[in-house]
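These notes are about the structure you will find just below.
Lettering follows sequence order; numbering is per chain, from 1.
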Amino acid sequence: MSTTPAAYDTLTVPEATLIQKELRAQLDLSPLSKPPQYIAGADISLNRFSEVIYAGLVLLRYSDLQPVACSLVQSITRFPYVPGYLAFREVPALVQALEQMPVRPDVIMLDGHGIAHPRRMGIAAHFGTLTQMATMGCAKKKLFGKYEEPGPAKGDYSPIMDKEETIGYALRSKNKVLPVFISPGNRMSLDDSLRIALHCCGNYRLPEPTRKAHEFVNLFRTGQLQSGYHEIGSGSLF
DNA sequence: GCGACAG
DNA sequence: ATCTTGTCGC
């Protein structure tokens with residue numbers, strides 16, 4: 001009963017650890033039931049030393065990865081950045097951004113880890129169990145686990161291991177760049193997360209959903225986009 | 001005690 | 001995360 005995002009601001013780290021252990025029991029890593037039609041990228045942006053958080057979801061058509069809509073929300077975050085507890089800082093604003101969307105993405109890709117976390121509760125797993133959405137994590141750095149360097153070619157990957165258990169993958173998303181770290185968050189399998197990540201990789205290190213989300217929240221933070229829900233381009237979604 | 005440490 | 005110029009490699 002202690003999982004209300006509005007109350008995250010005042011939590012202590014030991015209290016946050018308990019919430020993570022509760023949410024872990026709700027993880028669902030069964031395979032995705034149907035091929036996604038829409039995927040959303042989720043990210044946040046901040047001004048240095050500020051408590052104002054700019055959060056956003058960008059919805060992309062899965063087939064061609066073109067952005068079709070975005071949801072932008074401004075909020076306040078007081079929980080500090082503590083490695084292993086990123087969700088308590090960013091998730092409340094991202095939940096608001098999701099609630100503001102009139103459409104449900106089939107999959108959401110978060111900037112950070114899914115189950116590749118000491119308690120299997122990275123931001124993507126946390127956000128996924130909280131919202132009951134299919135989620136996955138794409139991080140730029142390792143948080144937890146061991147991995148061997150993947151091969152040098154785009155698409156090469158190697159497992160991230162905790163003891164004997166695979167908890168994600170280090171994926172070469174582009175030729176001769178540092179790998180990104182992929183793991184499922186909720187309502188999808190390890191294989192699903194890897195397959196989706198591969199599908200979303202283009203000519204940049206970051207997969208399109210994450211890359212676009214980062215771009216949009218930065219435009220939002222710098223005043224070039226307004227908060228709210230916006231459809232992009234011409235086509236209506238319905 | 002010593003390193004590691006998402007954003 | 002964000003702040004920043006030049007610099008290196010393809």
Side-chain angles (χ1 to χ4, degrees), chain A residues 5 8-9 11 13 16-17 19-20 23-24 41-58 72-95 97 108-129 135-147 149 152-154 160-163 167-186 193 197 203-207 209-224:
Chain A
Y8 282 180
D9 276 357
L11 289 176
V13 167
T17 305
I19 292 177
Q20 290 180 332
L23 289 177
R24 180 177 185 170
D43 195 14
I44 64 99
S45 182
L46 298 152
N47 284 312
R48 194 148 69 155
F49 309 134
S50 169
E51 292 184 335
V52 178
I53 183 172
Y54 301 84
L57 253 53
V58 178
L72 302 169
V73 166
Q74 180 179 328
S75 185
I76 300 286
T77 185
R78 295 203 162 87
F79 197 95
Y81 169 67
V82 182
Y85 300 85
L86 177 64
F88 296 91
R89 185 168 167 73
E90 301 192 353
V91 151
L94 291 174
V95 170
I108 302 177
M109 182 183 287
L110 287 283
D111 195 355
H113 290 95
I115 63 168
H117 178 281
R119 292 165 295 282
R120 306 296 184 270
M121 263 299 140
I123 186 167
H126 191 128
F127 182 84
T129 52
T135 61
M136 58 183 286
C138 173
K140 295 178 288 297
K141 298 174 187 172
K142 186 195 74 169
L143 170 67
F144 178 73
K146 303 272 196 186
Y147 72 99
E149 197 65 22
K154 178 178 180 176
I160 305 170
M161 307 294 294
D162 176 16
K163 312 281 182 62
I167 56 176
Y169 301 95
L171 168 66
R172 196 79 64 189
S173 50
K174 177 179 191 277
N175 285 339
K176 285 173 280 186
V177 296
L178 294 172
V180 294
F181 301 88
I182 303 297
S183 58
N186 191 42
S193 69
N203 304 313
Y204 300 89
R205 180 183 178 226
L206 295 183
T210 294
R211 196 176 75 84
K212 283 292 163 190
H214 193 265
E215 177 184 324
F216 276 62
V217 293
N218 270 307
L219 289 171
F220 180 32
R221 178 177 60 86
T222 55
Q224 304 170 71

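For the pair A:F88 CZ and B:dA6 C1', the interatomic distance rounds to 14 Å; values are reported in whole Å. The separation between A:L171 atom CG and B:dA6 atom P is 19 Å, rounded to whole Å. A:R89 places its CZ atom 11 Å from the P atom of C:dT2, with the value rounded to the nearest Å. Rounded to whole Å, atom P of B:dA6 lies 14 Å from atom CG of A:L178. To the nearest angstrom, P of B:dG7 lies 11 Å from CD1 of A:I44. Summarising the geometry, the separation between CG on A:L94 and C1' on B:dG7 is reported as 11 Å, rounded to the nearest angstrom. Taking atom CG of A:L219 as the reference point, atom P of C:dT2 lies 12 Å away to the nearest angstrom. Look at CD1 on A:I123: it is 13 Å from P on B:dA6, rounded to the nearest Å.
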Would you write the dot-bracket representation of DNA chain C, where each base gets (, ), [, ], | or . depending on whether it forms a Watson-Crick or G-U pair under 3.5 Å and with which partner?
..........

Dot-bracket line, read 5' to 3' along DNA chain B, where crossing pairs take [ ] and | marks a partner on another strand, Watson-Crick or G-U under 3.5 Å
.......

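You'll find the ring centres of A:Y147 and A:Y169 outside the 6.0 Å limit. Side-chain rings of A:H113 and A:F144 stay apart, their centers remaining 6.0 Å or farther from each other. With ring centers used as reference points, A:Y8 lies 6.0 Å or more from A:F79.
In this structure, the side chain of A:K142 engages the main chain of A:G145 through a donor-acceptor pair within 3.5 Å. Judged purely by atom type and a 3.5 angstrom limit, A:S173 uses its side chain to pair as donor or acceptor with the backbone of A:R205.
The A:L86 side chain lies nearest to B:dA6 when the options are B:dA6, C:dA1, C:dT2.
When the side-chain nitrogen and oxygen atoms of A:S45 are compared with OP1 and OP2 of C:dT2, one or more of them lie within a distance under 4.0 Å. A:R221 has a side-chain polar atom (N or O) that falls below the 4.0 Å cut-off from OP1 or OP2 of C:dC3. The phosphate of C:dT2 has OP1 or OP2 within less than 4.0 Å of a side-chain N or O from A:H214. At B:dG7, none of the side-chain N or O atoms of A:H113 fall inside 4.0 Å of OP1 or OP2 (strictly under the cut-off).
Rounded to the nearest 0.5 angstrom, A:N203 CG and A:R211 CZ are separated by 8.5 Å. Here the CG-CE distance, from A:L206 to A:M109, works out to 9.5 Å after rounding to the nearest 0.5 Å.
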List the steps and the verdict of side chain to side chain donor-acceptor pair (under 3.5 Å) for A:N218 and A:S45.
CA-CA 6 Å; A:N218 270 307; A:S45 182; 3.1 Å; yes

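With sequence neighbours excluded, the residues forming a side-chain hydrogen bond (donor to acceptor under 3.5 Å, both in side chains) with A:Y85 are A:T17, A:R119, listed by chain and number. Taking A:R172 as the reference, A:E149 meet the side-chain hydrogen bond (donor to acceptor under 3.5 Å, both in side chains) condition, with sequence neighbours excluded.
Centre separation under 5.5 Å together with a plane angle under 30° does not hold for the ring of A:F181 and the six-membered base ring of B:dA6, so they are not marked as stacked.
Under the 4.0 Å criterion applied to side-chain N and carboxylate O atoms, A:R120 and A:D162 are assigned as salt-bridge partners. Taking a cutoff of 4.0 Å between a charged side-chain nitrogen and a carboxylate oxygen, A:K140 and A:D111 qualify as a salt bridge.
For the pairing with A:R89, the side chain to side chain contact (heavy atoms under 4.5 Å, CB included) check across A:I123, A:I44, A:T77 returns one residue only, A:T77.
Here the closest non-hydrogen pair linking A:S183 and A:I167 is CB-O, 3.3 Å.
Applying a 4.0 Å cut-off to non-hydrogen atoms, the residues of residues 137-144 of chain A that approach DNA chain B are A:A139, A:K140, A:K141, A:K142, A:L143, listed by residue number.
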Pairwise N/O distances under 3.5 Å, protein to nucleotides 8-10 of chain C:
none

